[in-house]
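First listed ligand is number 1; within each ligand, the first listed atom is number 1.
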Amino acid sequence: MSAGVVIVGAGQAGAQLAMSLREMGHAGSVTVIGDEHHPPYHRPPLSKDFLDGGLAESELALRTEEYYRDRGIELVAGTAVTSIDRGRNEVLLSSGRVVAYAHLVLATGARNRQLPIADGGADNVHYLRTMEDARRVRHALERAQNVLIVGAGFIGLEFASAAARRGARVTVVEAAPRVLGRAVAEETSAYFAHRHAVEGSTVLCGCAVDEFRTDSRGRVTEVRIGDRVQPVDLVLVGIGVAPNSELAEEAGLVVNDGIVVDAQLVTSDPAISAIGDCARFPRAGAASIRLESVQNASDQARYAARRICRADEPIADYGEVPWFWSHQAGDKLQIAGLALPTDSAVFLGDPSSGRFSVCRFRDGFLSAVESVNSPGDHLSARKLFARGARVTEEQLRAPEFSLRSAAAGGTTQAQQERTSA
Ligand code: FAD
């Protein structure tokens, strides 16, 4: 078979790209090479429903193996791509096989950052990224009584909820002054800190783990946080991820905290694209960014498929609206748009009702909406951003304002007409 599209990484982005290529009529070969031993699966449940047994392993698969087979998508599992020969348009696999490509797409994802504290290789210090990680940690959670979580980001806090609900004593240690500090407004952080406290977790912000103390079997039994020493039988570290960009770097592609791509998701080699968690892409009027979300992986995959299938037609730059979700402490958080830590915040709705949104503003205009148990607000915000509408803080504060009508083109327009009259 002649060289077709070769995809490195069988995660969310790699699988979606293969599916979209076939849906869009790509007739050439499609080969997806992944170093994990499973067909592509959903990662988000690994820190949510999978932990409490709400979802079985078999329910995590993105598609059945037959799905790929029926569509002529070759899935090569348990095999890493070890190098790229850009001169010959070939990749070398850990099995020794060489695969030629017409176009290569890097969808290598990211891996967990490691805590820079010696744990002596203890088997009760866990990280959570893969199905194997989740299996191990779920098993450990069944017996754990004292759980320590390092990092109050999404994964750390979702895990805290799962552990607290099982009746474990949970302590979360976060170096930053507040939980979810990189992702949401202070108001949203405060709400979730309170919700986790109600669930029974102790959340310690502005401090760090100084020492793991191990027993003769090499298991961590105590942890020192400043002057505080507490017993522990399970440690979960969730301190962020680093992009898997070494393969690209060794092949001489431009890399800078992610594989650098242009506005059409093409790397510094026109025969190679990069998508998903591993890709750093430009945004109109803003700094380039790398996003870690299902939306980003899926939308970039669909975009790359469209670009590959319609190679002769001009295509607008990639510019999908970012969105994200997290389930924790019995609440559903959904974020539309992208805020900077310095963006201001205005409540829409009453936080004491447990259903509200925090609207973020930059330079006077809406930049993101963080919705708690308010899926309607979230969907409206996505529509609003997708149609490029600009909402000011003054408009949002008006008593008659509704995100829904603004998304439909109503309120903001009406208000603008009134203002200019
Ligand atoms: P990945 O899904 O990581 O896939 C990349 C794959 O490439 C991996 O299997 C990797 O092993 C493989 N690979 C790397 N290098 C090579 C190589 N050289 N050869 C072969 N294979 C290679 N996002 C949300 O939007 N909402 C959530 O609630 C949410 N929850 C999450 C919970 C957890 C526990 C985790 C881990 C992530 C969560 N995410 C969530 C993030 C989301 O899952 C990721 O952003 C998404 O999976 C990224 O897709 P990807 O394909 O870019 O990377």
For [X], which part has a heavy atom under 4.0 Å from ligand 1: side chain, backbone, both, or neither?
{"X": "R43", "answer": "both"}
{"X": "I155", "answer": "side chain"}
{"X": "K48", "answer": "side chain"}
{"X": "V8", "answer": "side chain"}
{"X": "F154", "answer": "neither"}

Protein heavy-atom partner closest to [atom] - residue, atom, separation in Å:
{"atom": "atom 25 (O) of ligand 1", "answer": "V294 N, 3.0 Å"}
{"atom": "atom 24 (C) of ligand 1", "answer": "F324 CE1, 3.2 Å"}
{"atom": "atom 18 (N) of ligand 1", "answer": "V81 O, 3.1 Å"}
{"atom": "atom 46 (C) of ligand 1", "answer": "D277 OD1, 4.0 Å"}
{"atom": "atom 14 (C) of ligand 1", "answer": "T108 O, 3.1 Å"}
{"atom": "atom 26 (N) of ligand 1", "answer": "W325 O, 3.3 Å"}
{"atom": "atom 32 (C) of ligand 1", "answer": "S47 OG, 3.3 Å"}

If we only count N/O pairs under 3.5 Å, is [X] in contact with ligand 1?
{"X": "W323", "value": "no"}
{"X": "T79", "value": "no"}
{"X": "A297", "value": "no"}
{"X": "S293", "value": "yes"}
{"X": "I275", "value": "no"}
{"X": "A13", "value": "yes"}
{"X": "D35", "value": "yes"}
{"X": "N244", "value": "no"}
{"X": "E158", "value": "no"}

Please check if any side-chain donor atom of R43 sits under 3.5 Å from a side-chain acceptor atom of Y41, or the reverse. yes
Do E249 and S245 have side-chain N/O donor and acceptor atoms under 3.5 Å apart? no
With heavy atoms of [X] as the reference, note each atom of ligand 1 found under 4.0 Å away.
{"X": "G109", "value": "3 (O), 5 (C), 52 (O), 53 (O)"}
{"X": "A80", "value": "19 (N), 20 (C)"}
{"X": "G276", "value": "52 (O)"}
{"X": "E292", "value": "45 (O)"}
{"X": "G11", "value": "2 (O), 4 (O), 6 (C), 51 (O)"}
{"X": "G34", "value": "20 (C), 21 (N)"}
{"X": "I33", "value": "20 (C), 21 (N)"}

Any donor-acceptor N/O pair, [X] side chain to [Y] backbone, under 3.5 Å:
{"X": "T79", "Y": "A77", "result": "yes"}
{"X": "T82", "Y": "L92", "result": "yes"}
{"X": "R113", "Y": "V241", "result": "yes"}
{"X": "S326", "Y": "L333", "result": "no"}
{"X": "S201", "Y": "V203", "result": "no"}
{"X": "R290", "Y": "D257", "result": "yes"}
{"X": "N146", "Y": "D233", "result": "no"}
{"X": "D343", "Y": "L340", "result": "yes"}

Shortest non-hydrogen contact from [X] to [Y]?
{"X": "I73", "Y": "A18", "value": "CD1-O, 3.7 Å"}
{"X": "I117", "Y": "D210", "value": "CG2-O, 4.3 Å"}
{"X": "A107", "Y": "G14", "value": "CB-N, 3.8 Å"}

Looking only at non-hydrogen atoms, which of [options] approaches [atom] most closely?
{"atom": "atom 5 (C) of ligand 1", "options": "G9, A77, A107", "result": "A107"}
{"atom": "atom 3 (O) of ligand 1", "options": "E36, R129, H37", "result": "R129"}
{"atom": "atom 29 (C) of ligand 1", "options": "G14, P44, P40", "result": "P44"}

Passes ring pair (Phe, Tyr, Trp, His ring centres under 6.0 Å), H194 versus Y191? Steps please. CA-CA 5 Å; H194 172 69; Y191 176 84; 7.4 Å; no
I'd like to know if R307 pairs up with E313 as an ion pair, taking the criterion as any Lys NZ or Arg NE/NH1/NH2 lying under 4.0 Å from an Asp or Glu carboxylate oxygen. no
Residue Q145 excluded, over 12 heavy atoms near CD under 6.0 Å: no
Neighbour count above 12 (heavy atom, 6.0 Å) for E132 CD: yes
Report yes if some heavy atom in the side chain of K332 is under 4.5 Å from a heavy atom in the side chain of Q334; otherwise report no. yes
